[in-house]
A.B. asks: 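What follows is a single structure, and I will ask about it in a moment.
In what follows, every chain begins at residue 1, and chains take the letters A, B, ... in the order their sequences are listed.
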Number of protein chains: 2
Amino acid sequence: MRPTVNDIAREAGVSLATVDRVLNERPGVRPRTVQVVTEAIARIGYVRDLAAANLARGRSYRIACLLPDTESQFLATVEQAIHDAAAAAVVSRTEVETLRFPAEDPHALVAILAGLQAQGISGVAIMAPETPHLRDAIRSLRHAGVAVVALVSDLPNTGRDHFIGIDNVTAGRTAGVLMGRFLSGNPGQIMVVAQSLLSRDALERRRGFDAVVQADFPGLEVLQTLEAHGSPDILRRAVFEMSRHAPQLRGVYVLGSGHRVIGAALADLGLARRVVVIGHEMTPHTRNALQSGTIDALVTQNTGHLARSALRVLRARIDRVPIDEGQEQIRIDIVLRENLPPMAEDPGQTPRAKPDEAA
Amino acid sequence: MRPTVNDIAREAGVSLATVDRVLNERPGVRPRTVQVVTEAIARIGYVRDLAAANLARGRSYRIACLLPDTESQFLATVEQAIHDAAAAAVVSRTEVETLRFPAEDPHALVAILAGLQAQGISGVAIMAPETPHLRDAIRSLRHAGVAVVALVSDLPNTGRDHFIGIDNVTAGRTAGVLMGRFLSGNPGQIMVVAQSLLSRDALERRRGFDAVVQADFPGLEVLQTLEAHGSPDILRRAVFEMSRHAPQLRGVYVLGSGHRVIGAALADLGLARRVVVIGHEMTPHTRNALQSGTIDALVTQNTGHLARSALRVLRARIDRVPIDEGQEQIRIDIVLRENLPPMAEDPGQTPRAKPDEAA
DNA sequence: GCAAAATTGAGGTACGCACCTCAAAAATTC
DNA sequence: GAATTTTTGAGGTGCGTACCTCAATTTTGC
């Protein structure tokens with residue numbers, strides 16, 4: 001049988017109350033006694049039963065996930081993944097609340113964060129660009145004992161507990177080497193398309209991509225990044241315009257969204273399936289495009305893993321137990337048509353009527 | 001607050017005992033009453049607290065993992081992954097025992113399985129080729145209420161609860177498309193190397209590889225599979241021999257192990273880094289080879305995921321709760337040097353002195 | 001309508017732990 | 001060495017559930 005607190009008490013020759021004080025770091029125990037108990041714990045190999053502990057504590061994990069209100073298929077996918085992970089986490093007394101905040105207004109986000117603290121939230125997963133306001137807000141949360149993880153895009157200077165996502169420079173490098181190898185040394189131009197280079201992710205990917213292409217595929221010329229700023233029209237025209245100046249266009253690298261428009265433009269230019277298209281993130285659209293061959297490869301991060309990892313890490317932090325680094329390492333997935341994972345089934349095993357009822 | 005069994009009783013207008021009988025499918029309740037209770041459960045959105053339930057049950061999960069005693073880096077990696085996953089699972093009252101069985105002797109495996117049943121094992125993960133004896137043994141286990149999952153290599157006709165692993169035909173297809181695209185249409189020969197084509201995995205991979213190359217890369221000729229049967233010497237000589245008959249050798253596809261010998265042979269032939277080498281599985285050696293450039297791509301399955309998934313699925317089966325298909329889907333990973341995940345740290349958060357103490 | 005059988009209710013104990021109170025014992029101070 | 005403070009022990013309660021017993025009630029068969 002697994003040793004229990006009573007076994008510790010017997011082994012250490014102290015009472016249960018003292019063991020409890022030591023285990024939960026309550027005051028009023030002599031250093032010597034603490035040591036005796038600690039040694040007994042080590043000797044008999046006691047491991048706290050977290051399930052029982054949390055049951056006794058009456059602890060329930062209230063977790064908030066904050067996403068920008070930007071409309072994008074990737075964000076929708078992330079939100080769906082969080083929703084699914086939340087549904088699965090109900091059995092382990094975890095309540096998840098997903099909130100969208102106005103992407104343009106840093107103050108709104110700060111206000112929401114301040115509100116959460118009052119609501120008894122014990123963990124926050126947040127996907128947002130790093131601003132000074134946000135830095136302060138996160139510090140304040142952490143100071144109040146709230147666990148905070150950055151999702152998808154890191155917040156390195158905020159003191160967040162953990163970053164759940166991939167290194168976008170490496171993701172860009174991966175896209176770069178795929179592009180180079182798919183074109184195997186044949187010279188030509190590569191078009192790079194982004195919504196905006198203001199986003200940290202896009203910038204980092206471009207950096208990684210450039211580094212690899214320059215170093216390993218000298219025949220390839222990476223053109224200046226096209227920025228669409230969210231407008232399909234601008235994007236479409238830019239693709240047409242640039243293709244005129246690229247007589248040997250051999251590849252297109254899509255840093256973020258915009259696949260739909262780009263695909264259509266390439267088709268109109270007669271380039272569909274004649275240039276190598278590499279993009280990021282799995283969405284319903286990129287999935288279809290990969291299947292139909294209009295996209296050749298995707299460099300992705302598994303959103304399901306992302307969401308589950310966020311919840312697991314937050315719970316671990318709240319419980320003050322170590323995390324399993326290997327499990328929480330988000331991999332950079334290369335997806336071709338051949339290894340496209342099958343479509344996920346409908347996951348809701350216990351759909352809750354009102355996920356946000358407990359306000 | 002989350003509804004509890006008492007809330008069900010109140011809502012349904014029955015006693016706690018009746019609710020309990022319904023929840024745990026105990027006999028002695030009229031169908032009508034069962035329905036009343038079931039409806040009440042649905043109405044108030046009750047979700048059983050598994051932690052409390054298992055605490056009350058005093059249930060502890062005893063799980064056995066059976067691996068062949070064959071020596072291979074991949075197997076060692078799998079065993080290590082299981083060991084790590086087991087260490088992390090201690091906190092959730094899960095005990096894992098890893099056993100190696102003589103690969104050559106089907107009766108020994110059957111004997112071990114029969115023994116497990118007596119030992120009060122409630123779940124078994126097994127990696128073994130399917131034989132009639134094994135089929136019967138697994139059926140018998142399942143009949144006795146033991147959950148059984150197949151690991152890495154499926155046992156489709158045994159009635160196993162679940163298969164934890166990848167589809168090797170698809171993995172072979174993925175390797176094939178990578179090979180074809182890395183060679184971008186240039187004609188030439190591809191050498192295929194295996195330990196033995198008797199293994200189901202190797203056969204399936206070869207099938208997938210061939211299908212893709214034939215369909216999509218007509219310029220490539222896939223040579224007959226070299227079989228080494230475990231002997232480095234045979235393998236080395238076969239590689240030399242075949243390279244003589246392949247004037248335009250452009251690629252090498254390694255179905256299983258043997259990378260070390262093949263790499264050396266290719267170097268001696270002056271072909272290192274001049275042919276595209278694609279292999280399977282992440283091991284210390286393939287990892288190094290990928291990093292040094294003597295292997296161009298690996299098609300892998302994450303062994304950490306494999307091990308954790310096995311334990312999760314077994315626990316879910318024992319608890320009779322549904323599994324999260326999305327989470328248990330083992331992905332076919334494409335690993336290039338650029339997206340090689342960082343080396344795992346030493347994982348043992350709570351190393352147990354004697355993992356097999358509870359015999 | 002009566003006996004037998006089936007169903008339901010009431011209540012208890014236990015799982016491993018957290019957290020509380022109060023008194024007893026030990027250590028410290030002057 | 002008496003007064004004070006600190007440390008320790010003993011005991012209880014509850015978290016949400018499983019599982020058990022025994023009696024009370026309802027239903028069924030004849």
Side-chain angles (χ1 to χ4, degrees), chain A residues 1-38 40-41 44-62 90-95 122 318-321 350, chain B residues 1-38 40-41 44-61 90-95 122 318-321:
Chain A
M1 281 304 290
R2 232 177 109 144
T4 74
V5 281
N6 287 294
D7 297 325
I8 302 176
R10 195 169 342 105
E11 177 74 20
V14 300
S15 76
L16 198 58
T18 302
V19 172
D20 177 70
R21 291 183 184 108
V22 173
L23 274 179
N24 297 290
E25 296 172 41
R26 269 186 268 278
V29 186
R30 266 187 308 175
R32 235 194 64 75
T33 313
V34 171
Q35 199 194 331
V36 168
V37 173
T38 310
I41 289 174
I44 64 177
Y46 169 83
V47 181
R48 194 201 221 102
D49 185 329
L50 260 187
N54 286 335
L55 178 60
R57 282 196 176 99
R59 173 180 285 176
S60 71
Y61 308 82
R62 288 184 36 80
V90 177
V91 293
S92 45
R93 27 186 59 235
T94 304
E95 273 176 36
S122 45
I318 297 168
D319 286 338
R320 293 172 201 289
V321 298
T350 310
Chain B
M1 281 304 289
R2 226 177 115 144
T4 74
V5 281
N6 288 294
D7 298 324
I8 302 176
R10 196 170 340 103
E11 177 74 18
V14 299
S15 76
L16 197 59
T18 301
V19 171
D20 176 69
R21 291 184 184 109
V22 173
L23 274 178
N24 296 292
E25 296 173 43
R26 270 185 268 278
V29 186
R30 268 186 307 175
R32 235 194 64 76
T33 313
V34 172
Q35 199 193 332
V36 168
V37 173
T38 310
I41 289 174
I44 65 178
Y46 168 83
V47 181
R48 193 202 223 99
D49 185 328
L50 260 187
N54 286 335
L55 177 59
R57 282 195 176 99
R59 174 180 282 174
S60 73
Y61 307 82
V90 178
V91 292
S92 45
R93 27 186 61 233
T94 303
E95 273 177 35
S122 45
I318 296 167
D319 287 338
R320 294 172 200 289
V321 299

A.B. asks: Apply side-chain hydrogen bond (donor to acceptor under 3.5 Å, both in side chains) to R10(A) and list each qualifying residue two or more places apart in sequence or on a separate chain.
C.D. replies: D7(A)

A.B. asks: Compare all side-chain heavy atoms of L23(A) with those of Y46(A) and state whether any distance is below 4.5 angstrom.
C.D. replies: yes

A.B. asks: Distance under 4.0 Å to a non-hydrogen atom of chain A counts as contact; along DNA chain D, which nucleotides mark the start and end?
C.D. replies: dT7(D) to dG16(D)

A.B. asks: Mind calculating the distance between CG (L50(B)) and C1' (dC15(C)) to the nearest angstrom?
C.D. replies: 15 Å

A.B. asks: State which residues pass salt bridge (charged side-chain N to carboxylate O under 4.0 Å, His left out) with R2(A); sequence neighbours excluded, sorted by chain then number.
C.D. replies: none

A.B. asks: List for me each residue that meets side-chain contact (heavy atoms from CB on, under 4.5 Å) alongside A17(A), sequence neighbours excluded, and say none if there are none.
C.D. replies: S15(A), R21(A)

A.B. asks: Side chains of residues 30-37 of chain A: which donor-acceptor pairs under 3.5 Å do they make with residues two or more places apart or in other chains?
C.D. replies:
unit_1, atom_1, unit_2, atom_2, d
Q35(A), NE2, E39(A), OE2, 2.9

A.B. asks: Quick one: label R93(A) by what it contacts on the DNA or RNA (base, sugar-phosphate, nothing), any heavy atom closer than 4.0 Å.
C.D. replies: sugar-phosphate

A.B. asks: Check each residue of residues 5-18 of chain B for a non-hydrogen atom within less than 4.0 Å of any atom in DNA chain D, then write out the ones that pass by number, or none.
C.D. replies: V5(B)

A.B. asks: Once you apply a heavy-atom cut-off of 4.0 Å, does R21(A) come out as touching a base, just sugar-phosphate, or nothing?
C.D. replies: base

A.B. asks: Listing request: all salt bridge (charged side-chain N to carboxylate O under 4.0 Å, His left out) pairs with a residue in residues 48-57 of chain B, at least two apart in sequence or in separate chains.
C.D. replies: R93(A)-D49(B)

A.B. asks: Could you check how far CG of L55(B) sits from P of dC15(C), rounded to whole Å?
C.D. replies: 9 Å

A.B. asks: Just to verify, what does S92(A) make a side-chain hydrogen bond (donor to acceptor under 3.5 Å, both in side chains) with, not counting sequence neighbours?
C.D. replies: R315(A)

A.B. asks: Just N and O in the side chain of R2(A): are any of them under 4.0 Å from OP1 or OP2 of dG16(C)?
C.D. replies: no

A.B. asks: Who are the side-chain contact (heavy atoms from CB on, under 4.5 Å) partners of N6(A), not counting sequence neighbours?
C.D. replies: T4(A), L16(A)

A.B. asks: Considering only nitrogen or oxygen atoms on both sides, find all protein atoms under 3.5 Å from nucleotides 5-7 of chain C and state each distance.
C.D. replies:
unit_1, atom_1, unit_2, atom_2, d
dT7(C), O3', R30(B), NE, 3.4

